[in-house]
Amino acid sequence: MTLTLYNTLSGALEEFAPLEAGRVRLYTCGPTVWNYAHVGNFRGNLFYDLLKRHLRVSGYQVTHVMNITDIDDRILHEAAHARQTIREYSATYERAFFEDLETLRFMPADIYPRATEHIGDIIELVGGLLADGHAYEVDGDVYFRVDSFPAYGALSKLDRAGLRAGARVATDKYEKESASDFALWKRAGEGDDLLGAAWPSPWGAGRPGWHIECSAMAMRYLGQTLDVHCGGVDLKFPHHENEIAQSEAFTGLPFARFWLHNEMLADLSGEKMSKSTGNIATLRDLLAAGHDPVAIRYFLVAGAHYRSPLRFDDDALHSAAEQVRRLRELHARLQETPREVADEGLRGEAESARARYRASLDNDLNLPQGMGHVFDVVRTANAALDRGRVGEGSQLALLRLLDEADAHLDVLRADDEGLEPRLQAMIDARERARAQRDFATADRLRESLREHGVLLEDSKSGVRWRRS
RNA sequence: GGCGACGUAGCCAAGUGGUAAGGCAGAGGUCUGCAAAACCUCCAUCCCGAGUUCGAUUCUCGGCGUCGCCUCCA
């Protein structure tokens, strides 16, 4: 089975193969650290996570670079307001971002380059574009000359004539040859040096434009042609279009072979979650409201196919939490000693489900469909366990199925394995009371444990506990 | 106005030219000291209209509706 991915560049599903056998060079658009990221941002990050995990499942070694954009107009503005340098200002949000990623079990990238630490690379890129006539300088600002790159618009399918030369372009304060030209380098404003936001360059003190850092850092660590470049659909234009233009104008080579774009997370009303609208929830908000981070992860990664919009909704979050619980429940039951029974049927079902699960993931990362296959078997397996019909063969096959899914989901492992001794003692005391058929005492202890957030489940093989 | 995506049960969400996975919620039941969990049963004809076809939810056209992008955006 081969991995097929939807490539925005061609607008079609394509068989994936990296340039170098066995190794994938992956670049994913990281955060601009000017504020706390919201769960919509993390939907994107978890899409990257899903892709990377599946590439690894598929046998590839993945070199993953994700940028940290720590210089931009908003950071500049906020830092000035807070009377801090941009580094001081952005450090808080950068740290929070990494904490949130860890909470969501994001598989870390290999390299997280910061824009401010690659000014030299950026200057080299801008210099090259100027030398070749792909850019021009106006009074300390440098712009990319879109007319010099005929393929402009190929990714976003925007016809250049169709890019309305009106609206916001008219308000642009810079003097550009053409409305669609974009800044590669911006002249320093007054006080920028005090904020730590001005660097010397052949065109005078200034800072990089928005798009250039991605080109510079991607090529720095991954070479001139990437295998996969990911981002949200809202970055297709102008960000990715501009990345392509400036990178390919510089190298004369394709910048990225596969462009993958994830759809947005929407609020309850269906509107895209975004900071400017204010309809956002941060991970911190959700945790404070008592939501399990693992359920949030499941919701964001498996709640919908990555190219479909996903609506943020309490019921959907609850549904995610229940699905995680059911998977964990079955996983726990499969730790028991298998019976000596003939279980060819169940084993076959588990193996077939695993093949179908794999095929779903190979088909453009269709995890929601894959989970359908998994849950088909979850029910069958539980029924068989109820009847004591699970032997060693099917037990192994079922565990393999769950492991295969968990290679993407990463929801089975618990954050805290242990139980406080005092609570464990209460469970033991309850078991003794039950053995003596002193159900009043047993029920009292169970209720008390419930108040401590521990739920009990009695089974033939003993009592199981879990956090509520 | 241009480009693009989407409209499947109370909710979330897959999918297919031959009469629609899965999950949540809900109802009834089995099991259990009671619970919980688990299991069993029930719960949709796929926005509307026309067309193509032996047959369309799936293809085409036209509506209606929702959303995204059109230089802040994951």
Side-chain angles (χ1 to χ4, degrees), chain A residues 8 11 28-32 34 37-48 72-74 153 156-159 161-164 166-169 171-172 179-183 210-211 230-239 241-242 261-266 269-277 299 302-305 307-311 313-323 325-326 329-330 332-333 356 360 366-376 378-387 434 437 439-440 442-443 446-447 450 455-460 463-464 466:
Chain A
T8 308
T28 61
C29 272
T32 299
W34 71 286
H38 56 76
V39 285
N41 300 128
F42 289 118
R43 181 185 188 200
N45 292 116
L46 290 179
F47 154 62
Y48 308 156
D72 95 318
D73 289 353
R74 290 164 302 184
S156 53
K157 315 284 188 273
L158 286 176
D159 180 358
L163 294 175
R164 278 211 316 207
R168 292 204 242 179
V169 176
T171 68
D172 203 306
S180 48
D181 291 351
F182 57 92
W210 171 30
H211 319 288
C230 300
V233 287
D234 55 349
L235 291 182
K236 267 197 280 189
F237 187 88
H239 185 55
E241 200 68 71
N242 291 353
H261 291 97
N262 61 281
E263 253 300 340
M264 301 289 100
L265 181 70
S269 73
E271 188 182 6
K272 171 181 153 185
M273 200 176 268
S274 93
K275 279 173 198 155
S276 52
T277 316
F299 166 70
H305 183 255
R307 285 193 288 118
S308 294
L310 175 63
R311 197 176 287 224
D313 172 74
D314 267 355
D315 288 343
L317 211 48
H318 171 74
S319 172
E322 279 299 296
Q323 291 178 60
R325 190 189 57 67
R326 271 169 67 75
E329 188 82 21
L330 176 60
R333 294 184 78 184
R356 279 177 290 139
S360 292
N366 197 335
L367 185 56
Q369 183 184 64
M371 290 318 295
H373 299 314
V374 172
F375 277 105
D376 276 338
V378 168
R379 190 167 9 84
T380 318
N382 274 318
L385 284 162
D386 283 352
R387 285 179 286 118
R434 285 183 71 222
R437 303 194 67 77
F439 296 120
D443 289 353
R446 182 171 63 195
E447 177 59 20
R450 198 183 63 78
L455 300 182
L456 299 184
E457 287 169 18
D458 299 325
S459 75
K460 290 190 181 73
V463 63
R464 274 201 304 274
R466 63 182 164 87

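Quick note on labels: first sequence line is chain A, next is B, and so on, each numbered from 1. Please read all numbers here as calculations on a predicted model, not as lab measurements.
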Q) For RNA chain B, whose closest nucleotide is more 5', that of K157(A) or that of Q323(A)? A)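 The residue whose closest nucleotide sits nearer the 5' end is K157(A).
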**Q.** Which residue lies more 5' along RNA chain B, comparing N242(A) with A266(A) via nearest heavy atoms
**A.** N242(A)
Could you give the distance separating [M] and [N] at their [atom1] atoms, to the nearest angstrom?
N      : M      : atom1 : value
C54(B) : U66(B) : C1'   : 36 Å
A9(B)  : A5(B)  : P     : 22 Å
U58(B) : G51(B) : P     : 14 Å
C48(B) : C40(B) : C1'   : 39 Å
C70(B) : A37(B) : P     : 47 Å
C67(B) : C46(B) : P     : 24 Å
G18(B) : U45(B) : C1'   : 14 Å
C43(B) : G28(B) : C1'   : 12 Å

Q: Indicate whether OP1 or OP2 belonging to C69(B) is found under 4.0 Å from a side-chain N or O atom of K272(A).
A: yes
With both distances kept under 3.5 Å, what pairs with [N], Watson-Crick or G-U wobble?
N      : result
U30(B) : A38(B)
A44(B) : none
G49(B) : C61(B)
G68(B) : C3(B)
A56(B) : none
U19(B) : none
A25(B) : none

Can you find a pair of side-chain heavy atoms, one from [X] and one from [Y], that are under 4.5 Å apart?
X       : Y       : value
F299(A) : L46(A)  : no
L310(A) : E263(A) : no
H38(A)  : N41(A)  : yes

Taking only N/O atoms, report every protein-nucleotides 34-37 of chain B pair under 3.5 Å with atom names and distance.
{"from": "C34(B)", "atom 1": "O2", "to": "R446(A)", "atom 2": "NH2", "distance (Å)": "2.5"}
{"from": "C34(B)", "atom 1": "N3", "to": "R446(A)", "atom 2": "NH1", "distance (Å)": "3.0"}
{"from": "C34(B)", "atom 1": "N4", "to": "D458(A)", "atom 2": "OD2", "distance (Å)": "3.2"}
{"from": "A35(B)", "atom 1": "N1", "to": "D458(A)", "atom 2": "N", "distance (Å)": "3.2"}
{"from": "A35(B)", "atom 1": "N1", "to": "D458(A)", "atom 2": "OD2", "distance (Å)": "3.3"}
{"from": "A35(B)", "atom 1": "N3", "to": "R446(A)", "atom 2": "NH1", "distance (Å)": "3.0"}
{"from": "A36(B)", "atom 1": "N1", "to": "D458(A)", "atom 2": "O", "distance (Å)": "3.3"}
{"from": "A37(B)", "atom 1": "O3'", "to": "R325(A)", "atom 2": "NH1", "distance (Å)": "3.2"}
{"from": "A37(B)", "atom 1": "O2'", "to": "E329(A)", "atom 2": "OE2", "distance (Å)": "2.9"}

Q. So, for G232(A) and H261(A), which heavy atoms are closest and what is the spacing to 0.1 Å?
A. O-CD2, 3.4 Å
Q | Y48(A) to C29(A) - nearest heavy-atom pair and separation | A |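 Distance-wise, the nearest heavy atoms are OH-O, 2.9 Å.
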In whole angstrom, what separates [X]'s [atom1] from [N]'s [atom2]?
X       : N      : atom1 : atom2 : answer
L367(A) : G23(B) : CG    : C1'   : 13 Å
M371(A) : G23(B) : CE    : P     : 10 Å
H261(A) : C69(B) : NE2   : C1'   : 11 Å
L385(A) : A38(B) : CG    : P     : 12 Å
R307(A) : G68(B) : CZ    : P     : 19 Å
N262(A) : G4(B)  : CG    : P     : 20 Å
D234(A) : C3(B)  : CG    : C1'   : 16 Å
E241(A) : C3(B)  : CD    : P     : 16 Å

Q: Report the C-alpha separation of R450(A) and L455(A) in whole Å, then their side-chain angles, then the decisive distance to 0.1 Å, and conclude whether the side chain to side chain contact (heavy atoms under 4.5 Å, CB included) test is met.
A: CA-CA 5 Å; R450(A) 198 183 63 78; L455(A) 300 182; 3.5 Å; yes
(Q) Closest approach to the side chain of S180(A), judged atom by atom: which nucleotide of A21(B), C69(B), U71(B) is it? (A) U71(B)
Q: Taking only Lys NZ, Arg NE, NH1 and NH2, and the carboxylate oxygens of Asp or Glu, determine whether D386(A) and R333(A) approach each other closer than 4.0 Å.
A: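 Judged by the 4.0 Å cut-off on N to carboxylate O distance, D386(A) and R333(A) do form a salt bridge.
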Q | Charged N-O contact under 4.0 Å between R326(A) and E329(A) | A | no
Would you mind classifying the nucleic acid contact of [X] as base, sugar-phosphate or nothing, using non-hydrogen atoms under 4.0 angstrom?
X       : result
N382(A) : sugar-phosphate
E271(A) : sugar-phosphate
G372(A) : base
L265(A) : base
G270(A) : sugar-phosphate
F439(A) : base

Q: Scan T277(A), D234(A), L265(A) and name whichever one has a side chain to side chain contact (heavy atoms under 4.5 Å, CB included) with K272(A).
A: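 Answer to the side chain to side chain contact (heavy atoms under 4.5 Å, CB included) test with K272(A) among T277(A), D234(A), L265(A): D234(A).
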Q) Angle class for the F182(A)/H211(A) ring planes (parallel below 30°, perpendicular above 60°, tilted otherwise)? A) perpendicular
Listing time: all N or O pairs from protein to nucleotides 11-16 of chain B that are below 3.5 Å?
{"from": "A14(B)", "atom 1": "OP1", "to": "H305(A)", "atom 2": "N", "distance (Å)": "2.7"}
{"from": "A14(B)", "atom 1": "O3'", "to": "N366(A)", "atom 2": "ND2", "distance (Å)": "3.0"}
{"from": "A14(B)", "atom 1": "O2'", "to": "Q369(A)", "atom 2": "NE2", "distance (Å)": "3.4"}
{"from": "G15(B)", "atom 1": "OP1", "to": "N366(A)", "atom 2": "ND2", "distance (Å)": "2.6"}

Q.
Do N262(A) and R43(A) pair up side chain to side chain, a donor and an acceptor below 3.5 Å, judged on atom types alone?
A.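 R43(A) and N262(A) do not have a side-chain donor-acceptor pair below 3.5 Å.
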Q | Side-chain donor/acceptor of S319(A) to backbone N/O of D315(A), under 3.5 Å | A | no
